[in-house]
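Worksheet: one structure, shown below.
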Amino acid sequence: MVKERPRKNSLVMKFGGTSVAGVDRMRASAKIIKHFYQAGAAEGYGICVVVSAMAGETNRLVALVNSADEDNKNLHITAEYDAVLASGENVSAGLMAIILNAMGVPARSWQGFQIAVKTNDNHGMARITDIDVTAIKKSMAKGEVAVVTGFQGANDIGRITTLGRGGSDTSAVAMAVALQAIRCDIYTDVDGVYRADPRLVANAKKLDNVAYEEMLEMASLGSKVLHARSVELAMKFKMPLQVLSSFVEPGDKNNGTMVLDEKNLARDNMNKKIEEKIITAVALDDKEAKITLYKLKNKPGVSAAIFGRLAEANINVDMIIQSGSHHEKEDDFADITFTLPRQDLKRGLDVLQKNKAMIGYDDILFDDKVAKVSVIGVGMRSSPGVAKTMFDTLADEKINLDAISTSEIKISVLVREEDAKRAVQKLHAAFKLG
């Protein structure tokens with residue numbers, strides 16, 4: 001029997017699909033866990049591990065669900081859909097616990113409902129409302145590694161729910177917040193956050209650290225390292241977040257990017273010329289689609305009708321552009337263009353077509369060959385000229401812009417899919433990020 005001892009704190013470690021892709025990859029990740037488990041035993045903190053499903057497993061399960069009902073009647077929002085998809089994380093957690101025990105590290109697996117991770121009823125895209133970490137703390141106090149299923153929870157009546165794609169990142173940050181952890185480490189197949197996708201820009205540099213706000217924009221604008229909801233949660237509770245590679249030996253000083261509060265980031269980088277770069281990164285989202293509704297009556301409530309129906313179908317809308325009104329037969333009309341995830345295009349069109357009479361548009365067009373390119377940086381707040389550099393660069397390359405969206409720390413443009421890679425490369429060079 002393992003002797004019970006107090007824990008001062010905890011470290012949460014999350015391993016994504018590529019890090020648990022099979023038993024061999026799980027063993028490699030388990031070695032990293034063992035390293036920190038031994039350090040924690042000496043320093044007085046416990047280990048909580050959050051795991052994703054094995055790489056490709058969630059896609060396989062989604063395909064099974066779709067094949068089970070050929071009519072595919074909104075299965076993505078049903079309880080049974082969640083019951084099937086949650087099984088992927090159950091397998092990963094159980095196998096990881098077996099491997100850790102075989103390595104001499106006491107461990108047990110925990111499913112979302114056992115903890116319990118409480119969520120709302122929004123199947124397929126649930127949000128966490130509360131986590132009871134009492135049992136997890138007792139497990140760690142006994143010297144066990146708590147291996148928790150990511151991506152899943154349970155609603156008030158005990159039905160399994162899932163948090164949506166990338167939800168394991170959110171699970172990990174939520175566990176870290178509930179446990180008041182030292183930090184949350186997210187292990188993936190890249191060794192940190194880069195100024196641009198290294199697959200697109202050969203000389204892209206890794207960031208040692210990045211501000212929450214910048215990381216949130218990067219995550220929502222196409223960077224695939226972290227899920228946006230996890231960054232939002234970390235920023236809200238000031239939880240230190242670190243992105244690392246599970247393919248690197250533990251202790252490698254070149255491994256990882258810390259995501260921190262902007263004030264802490266400025267203090268940590270006081271002597272590193274932090275103001276040298278106005279732009280932190282260039283991001284690409286090549287999974288966008290565009291819908292345009294023509295000849296809408298320009299009156300109060302029309303936009304609410306459009307985006308309300310889409311929200312009810314759990315479809316997230318991104319860029320929204322309304323044209324100037326035009327007068328015709330004593331009525332004012334306008335056109336609205338917006339983007340949404342390409343995977344939701346068919347459902348979005350179905351929703352809009354079913355509600356055509358209520359919304360009152362004349363025609364609908366769509367385009368699934370577009371991509372969103374963005375420049376991001378907190379330095380934009382106090383540095384004019386970013387938009388000029390961006391637009392001049394794209395104009396020199398004869399890259400046309402379908403839409404433009406801005407915030408305090410980012411500028412996004414919608415371009416043709418075939419121009420996206422070139423746009424990223426030229427903007428990376430124009431802002432001297434290499």
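These numbers come from a predicted model, not from an experiment.
Checked for salt-bridge contact, D344 and R347 meet the test: a charged N lies under 4.0 Å from a carboxylate O. With salt bridges taken as basic N to acidic carboxylate O contacts below 4.0 Å, none links R229 and E232. Taking a cutoff of 4.0 Å between a charged side-chain nitrogen and a carboxylate oxygen, D350 and K354 do not qualify as a salt bridge. K369 and D367 are not joined by a salt bridge, as no carboxylate oxygen comes within less than 4.0 angstrom of a charged side-chain nitrogen. Between R183 and D185, at least one side-chain N (NZ, or NE/NH1/NH2) sits under 4.0 Å from a carboxylate O, which counts as a salt bridge. Between E397 and R422 there is a salt bridge, since at least one side-chain N of the basic residue sits less than 4.0 Å from a carboxylate O of the acidic one. Under the 4.0 Å criterion applied to side-chain N and carboxylate O atoms, K295 and D335 are not assigned as salt-bridge partners.
Between the side chain of T257 and the backbone N or O of V193, at least one donor-acceptor pair lies under 3.5 Å. Side-chain N or O atoms of N155 include none that pairs as donor or acceptor with a backbone N or O of N120 at under 3.5 Å. The closest donor-acceptor contact from the side chain of R25 to the backbone of M54 lies at 3.5 Å or more, if one exists at all. Listed for the D318 side chain is no donor-acceptor partner under 3.5 Å among the backbone atoms of L340. Of the possible polar contacts, none joining the Y37 side chain to the P106 backbone as a donor-acceptor pair under 3.5 Å is found. Side-chain atoms of K410 never come within 3.5 Å of backbone atoms of G377 as a donor-acceptor pair (strictly under, hydrogens ignored). No donor-acceptor distance shorter than 3.5 angstrom exists from the side chain of T337 to the backbone of I321, with no hydrogens or angles considered. Between the H227 side chain and the R165 main chain, a donor and an acceptor come within less than 3.5 Å of each other. Using modelled atom types, no side-chain atom of E288 and backbone atom of K372 make a donor-acceptor pair closer than 3.5 Å. Looking at Y361, its side chain never comes within 3.5 Å of a backbone N or O of T292 through a donor-acceptor pair.
Between the CD1 atom in I99 and the CE atom in M96 there is a gap of 6.0 Å [rounded to 0.5 Å]. Taken from CZ in F366 to CG in L293, the straight-line distance is 13.0 Å, to the nearest 0.5 Å. Within the model, atoms CE of M13 and NE2 of H35 stand 8.5 Å from one another, a figure rounded to the nearest 0.5 Å. Distance check, rounded to the nearest 0.5 Å: CG of D285 to CE of M218 gives 13.0 Å. Put simply, OG on S171 and CD on Q152 are 8.0 Å apart, with the number rounded to the nearest 0.5 Å. Note: L401 CG to L414 CG = 9.0 Å, rounded to the nearest 0.5 Å.
Between the side chains of T162 and D82, a donor-acceptor pair is found at a separation under 3.5 Å. There is no side-chain donor-acceptor pair under 3.5 Å between N254 and D191. With hydrogens and angles left out, the side-chain atoms of S52 and E89 include no donor and acceptor closer than 3.5 Å. Using a 3.5 Å distance cut-off with no hydrogens or angles, the side chains of T119 and T161 do pair a donor with an acceptor.
Here the rule is side chain to side chain contact (heavy atoms under 4.5 Å, CB included) with Q111, and of I160, T149, V148 only T149 fits it. When each of V373, V201, T389 is tested with L427 by the rule side chain to side chain contact (heavy atoms under 4.5 Å, CB included), just one qualifies, namely V373.
Between L179 and C48 the shortest heavy-atom distance is CD1-CB, 3.9 Å. The minimum heavy-atom distance linking V243 with L226 is given by the pair CG2-CD1, 3.6 Å. When all heavy atoms of V50 and A172 are compared, the pair lying nearest together is CG2-CA, 3.9 Å. The two atoms that bring T393 and A430 nearest to each other are OG1-CB, 3.4 Å, heavy atoms only. Taking both residues in full, the closest heavy atoms of L216 and A228 are given as CD1-O, 3.3 Å, listed atom of the first, atom of the second, then distance. Closest non-hydrogen pair, A420 versus V415, comes out as CA-CG2, 4.0 Å.
Remark: K238 NZ is packed, more than 12 non-hydrogen atoms of other residues, nucleotides or ligands lying under 6.0 Å away. Atom CD of E249 has 12 or fewer neighbouring heavy atoms from other residues, nucleotides or ligands inside a 6.0 Å radius. For Y294, the OH atom sits in a loose shell: 12 or fewer heavy atoms of surrounding residues, nucleotides or ligands are nearer than 6.0 Å. Few gaps surround CG on D363; more than 12 heavy atoms of other groups in view lie less than 6.0 Å from it. The number of heavy atoms from other shown groups lying within 6.0 Å of NZ (K206) is above 12. For Q353, the CD atom is densely surrounded, since the number of other residues' heavy atoms within 6.0 Å is greater than 12.
Put simply, the side chain of I411 reaches to within 4.5 Å of the side chain of V386, judged on heavy atoms. Within the 4.5 Å cutoff, the side chain of L241 has heavy atoms near those of the V173 side chain. Taking 4.5 Å as the limit, some side-chain heavy atom of N203 sits within range of a side-chain heavy atom of H428. A 4.5 Å side-chain heavy-atom check between L207 and R195 finds at least one atom pair inside the cut-off. Within the 4.5 Å cutoff, the side chain of M175 has heavy atoms near those of the V133 side chain. Looking at V370 and D286, their side chains never come closer than 4.5 Å, going by heavy atoms from C-beta outward. You'll find the side chain of V282 stays beyond 4.5 Å of the side chain of S374, heavy atoms only.
Classified by interplanar angle (parallel below 30°, tilted 30° to 60°, perpendicular above 60°), the ring pair F15/Y187 is parallel.
Taking the salt bridge (charged side-chain N to carboxylate O under 4.0 Å, His left out) definition, one finds that R159 meets it with E80, sequence neighbours left out.
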(request) Apply salt bridge (charged side-chain N to carboxylate O under 4.0 Å, His left out) to the pair D402 and K290, showing each step before the final yes or no. (result) CA-CA 9 Å; D402 285 351; K290 179 179 72 169; 3.5 Å; yes
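Between F338 and F307, the ring center distance clears the sub-6.0 Å criterion.
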